[in-house]
S.K.: 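Below is a structure I'd like to ask you about.
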Amino acid sequence: MRRLVRLHPGDQAEPGDLWDYSQDLLYTEIQGPLLAYLLPFCLEAWGQDVRGAQQGYGGFVEHFYSVLANRHIFDECLKPAQTAAAAEFMRQTILDEIDDQRGLAYQGNNARPYTWISAFTTYGVLLPDLGLLWREWWLLTTVGRAIAAVQYLSCLMYPESENPIFAPWTCDGGGGPPCLWEFAGYLYSHRWLDPNIDFMKTILNVDQVSEVLSRAAERLAGQPEHARASQVCADFPSRRATVESRCAELPRFLATTQQGTTLFEWST
């Protein structure tokens, strides 16, 4: 704790110190002023983990998600302006990682898209404004955002063993398409917040998917990823029924706590 309170803006906290602090936040009384002081360092460590800049924070981040979800940090322990600043930082960090996406062919557990999709999905548990992040992403104003759209939407189109972007899972290397309803950390008794569920129901439908895929392929003209994105677009008409079914199923999955033996799988 002495080391943490001596940190200055721009300093990086030691992973072990943050892990210890996460346990205090989970299991002891939260001291508001101390939390306000240390939260920027916690968020910076989370951001380093999401961006792949620092591997040592992974253990802390798993528990940090539980802190943010279980202890109602955002709606009870912080002032509204502090919550708004934290939310903006988290949204922008995820968008920065989306902007840096390149490639539409992945194999194995360490593929980069898993990170942003996991952070994106988990954000829906923590804060009610996922729509702000989603709309910025689906404007497709960068090459990375177009690539990320194809990555994500391919998971709504193909059987796991037939996704042209994510090679099938293997027992040695893992992989396979990302799970669109799996949360990071230990959030087994959590679900998406209702405003995020309501937003997804309005934005995620077969016509929107078709339109965004088309725009993504156009945005990628002249890029190495254009041929694969065009292939996904060409496959869409034959996958339309699958997309329609999964667009209806995904909000239901995200609205259900994932405790114990609760297992979800696409019906098509």
S.K.: Taking atom OG of Ser118 and atom CG of Leu180, what is their separation to the nearest 0.5 Å?
M.R.: 11.0 Å
S.K.: Do the side chains of His72 and Cys77 get nearer than 4.5 Å, heavy atoms only?
M.R.: no
S.K.: Over all heavy atoms of both residues, which pair between Pro237 and Ala234 is shortest? Give the atoms and the distance, please.
M.R.: CD-O, 3.4 Å
S.K.: So does Glu62 have more than 12 non-hydrogen atoms from other groups sitting under 6.0 Å from CD?
M.R.: yes
S.K.: Using the six-membered ring wherever Trp is involved, compare the ring planes of Trp116 and Phe120 and label them parallel, tilted or perpendicular (cut-offs 30° and 60°).
M.R.: perpendicular
S.K.: Report yes if the side chains of Cys247 and Val209 come closer than 4.5 Å at any heavy-atom pair, otherwise no.
M.R.: yes
S.K.: Quick one: does Asp99's side chain have a donor or acceptor within less than 3.5 Å of a partner on Gly144's backbone?
M.R.: no
S.K.: Rounded at 0.5 Å granularity, tell me how far OG1 in Thr93 sits from CD in Gln48.
M.R.: 9.5 Å
S.K.: Between the side chain of Ser210 and the main-chain N/O of Asp207, is any donor-acceptor distance below 3.5 Å?
M.R.: no
S.K.: Minimum heavy-atom separation for Val143 and Arg219, please, with both atom names.
M.R.: CG2-NH1, 3.7 Å
S.K.: Does the side chain of Glu44 reach to within under 4.5 Å of the side chain of Phe41, using non-hydrogen atoms?
M.R.: no
S.K.: Listed by chain and number, what are the side-chain contact (heavy atoms from CB on, under 4.5 Å) partners of Thr115, not counting sequence neighbours?
M.R.: Val50
S.K.: Taking the six-membered ring for Trp, are Phe264 and Phe253 parallel (under 30°), tilted (30 to 60°) or perpendicular (over 60°)?
M.R.: parallel
S.K.: Might you confirm whether atom CD of Glu265 has over 12 heavy atoms from other residues, nucleotides or ligands at distances under 6.0 Å?
M.R.: no
S.K.: Near Gln31 CD, under 6.0 Å, is it more than 12 heavy atoms from other residues, nucleotides or ligands?
M.R.: no
S.K.: Is the backbone N or O of Glu225 less than 3.5 Å from a side-chain atom of Gln223, with the two atoms forming a donor-acceptor pair by type?
M.R.: no
S.K.: Would you give the length of the straight line joining atom CG of Asp198 to atom CG of Leu130, rounded to the nearest 0.5 angstrom?
M.R.: 12.0 Å
S.K.: Would you check if the side chain of Asn205 reaches a backbone N or O of Gln208 as a donor-acceptor pair within less than 3.5 Å?
M.R.: yes
S.K.: State, yes or no, whether a side-chain contact exists between Arg102 and Pro224 at a heavy-atom distance under 4.5 Å.
M.R.: yes
S.K.: Excluding sequence neighbours, so at least two apart, what forms side-chain contact (heavy atoms from CB on, under 4.5 Å) with Glu136?
M.R.: Leu95, Leu139, Arg145
S.K.: Would you say CG of Asn110 has more than 12 non-hydrogen atoms from neighbouring residues, nucleotides or ligands within 6.0 angstrom?
M.R.: no
S.K.: Between Leu193 and Met200, is there shared hydrophobic-cluster membership here, with clusters defined by ILVMFWY side-chain heavy atoms closer than 4.5 Å?
M.R.: no
S.K.: Please test Thr121 against Trp181 for side-chain contact (heavy atoms from CB on, under 4.5 Å), starting from the C-alpha separation and ending with a verdict.
M.R.: CA-CA 7 Å; Thr121 304; Trp181 57 84; 5.5 Å; no
S.K.: Output yes when a side-chain donor or acceptor of Arg191 lies under 3.5 Å from a complementary backbone atom of Ala255, and no otherwise.
M.R.: yes
S.K.: Identify the two heavy atoms, one from Ala184 and one from Tyr65, that lie closest to each other, and give their separation to 0.1 Å.
M.R.: CB-CE1, 3.5 Å
S.K.: Would you mind writing out the side-chain donor-acceptor pairs for residues 81-88 within the sub-3.5 Å range, not counting sequence neighbours?
M.R.:
| from | atom 1 | to | atom 2 | distance (Å) |
| --- | --- | --- | --- | --- |
| Gln82 | OE1 | Lys79 | N | 2.9 |
| Thr83 | OG1 | Phe74 | O | 2.7 |

S.K.: What verdict does the side-chain contact (heavy atoms from CB on, under 4.5 Å) test give for Leu34 and Val5, after you've listed the backbone C-alpha separation in whole Å, the side-chain angles of each residue and the deciding distance to 0.1 Å?
M.R.: CA-CA 8 Å; Leu34 180 61; Val5 298; 3.8 Å; yes
S.K.: For the residue pair Phe60 and Trp46, is the inter-centroid distance of their aromatic rings smaller than 6.0 Å?
M.R.: no
S.K.: Enumerate the residue pairs fulfilling side-chain hydrogen bond (donor to acceptor under 3.5 Å, both in side chains) with a member in residues 3-16, sequence neighbours excluded, ordered by first and then second residue.
M.R.: Arg3-Asp17
S.K.: Are the side chain of Trp192 and the backbone N or O of Pro128 linked by a donor-acceptor pair below 3.5 Å?
M.R.: no
S.K.: Tell me if the aromatic rings of Tyr186 and His63 count as close, with their centers under 6.0 Å from one another.
M.R.: yes
S.K.: May I have the step-by-step check of side-chain contact (heavy atoms from CB on, under 4.5 Å) for Phe166 and Gln151, ending in yes or no?
M.R.: CA-CA 8 Å; Phe166 299 97; Gln151 292 169 350; 4.2 Å; yes
S.K.: Just how far is it from atom OG1 of Thr142 to atom CD1 of Ile98, taken to the nearest 0.5 Å?
M.R.: 8.5 Å
S.K.: Less than 4.5 Å apart, side chain to side chain, heavy atoms only: is that true for Leu39 and Leu43?
M.R.: yes
S.K.: Side-chain contact test, heavy atoms from C-beta onward, threshold under 4.5 Å: evaluate it for Leu153 versus Phe236 and give yes or no.
M.R.: no
S.K.: What distance do Ile117 atom CD1 and Cys179 atom SG have between them, rounded to the nearest 0.5 Å?
M.R.: 10.0 Å
S.K.: Kindly give the heavy-atom pair with the smallest separation between Arg239 and Met157, and that separation in Å.
M.R.: CD-O, 3.4 Å
S.K.: Among residues at least two apart in sequence or on other chains, which ones pass side chain to side chain donor-acceptor pair (under 3.5 Å) with Asp100?
M.R.: Arg51
S.K.: Check step by step if side-chain contact (heavy atoms from CB on, under 4.5 Å) holds for Ser161 and Trp169.
M.R.: CA-CA 8 Å; Ser161 60; Trp169 180 90; over 6 Å; no
S.K.: Aromatic contact between Trp137 and Tyr152, with the criterion being ring centroids under 6.0 Å apart: yes or no?
M.R.: yes
S.K.: Going by the rule salt bridge (Lys or Arg N to Asp or Glu O under 4.0 Å), which residues pair with Arg228 if we only count those two or more places apart in sequence or in a different chain?
M.R.: none
S.K.: Looking at Ser245 and Thr242, would you say the former's side chain and the latter's main chain have a donor-acceptor pair under 3.5 Å?
M.R.: no
S.K.: Hey, any chance Val67 and Tyr37 share a hydrophobic cluster, counting ILVMFWY side chains that come within less than 4.5 Å of each other, even indirectly?
M.R.: yes
S.K.: Drop me the distance from His190's NE2 to Thr257's OG1, to the nearest 0.5 angstrom.
M.R.: 10.0 Å
S.K.: Assess the residue pair Glu211 and Arg215 against the criterion (salt bridge (charged side-chain N to carboxylate O under 4.0 Å, His left out)); give the C-alpha distance rounded to whole Å, side-chain angles, the decisive distance to 0.1 Å, and a yes or no.
M.R.: CA-CA 6 Å; Glu211 191 266 338; Arg215 285 197 293 114; 2.6 Å; yes
S.K.: Could you tell me whether the side chain of Leu18 reaches within less than 4.5 Å of the side chain of Leu4, counting heavy atoms only?
M.R.: yes
S.K.: Under 4.5 Å between side-chain heavy atoms, hopping through other hydrophobics if needed: is there a path connecting Phe64 to Met1?
M.R.: yes
S.K.: With distance as the sole test, does Ser230 use its side chain to make a donor-acceptor pair with the main-chain N or O of His226 at under 3.5 Å?
M.R.: yes
S.K.: Is the closest side-chain heavy-atom distance between Asn196 and Phe199 below 4.5 Å?
M.R.: no
S.K.: Where do Asn163 and Ser154 come nearest, in terms of heavy atoms and distance?
M.R.: ND2-OG, 3.1 Å
S.K.: Testing the basics here: between Ile197 and Pro251, what is the closest heavy-atom pair and its distance to 0.1 Å?
M.R.: CD1-O, 3.5 Å
S.K.: When you check the side-chain N and O atoms of Asp235 and Tyr158, is any donor under 3.5 Å from an acceptor?
M.R.: yes
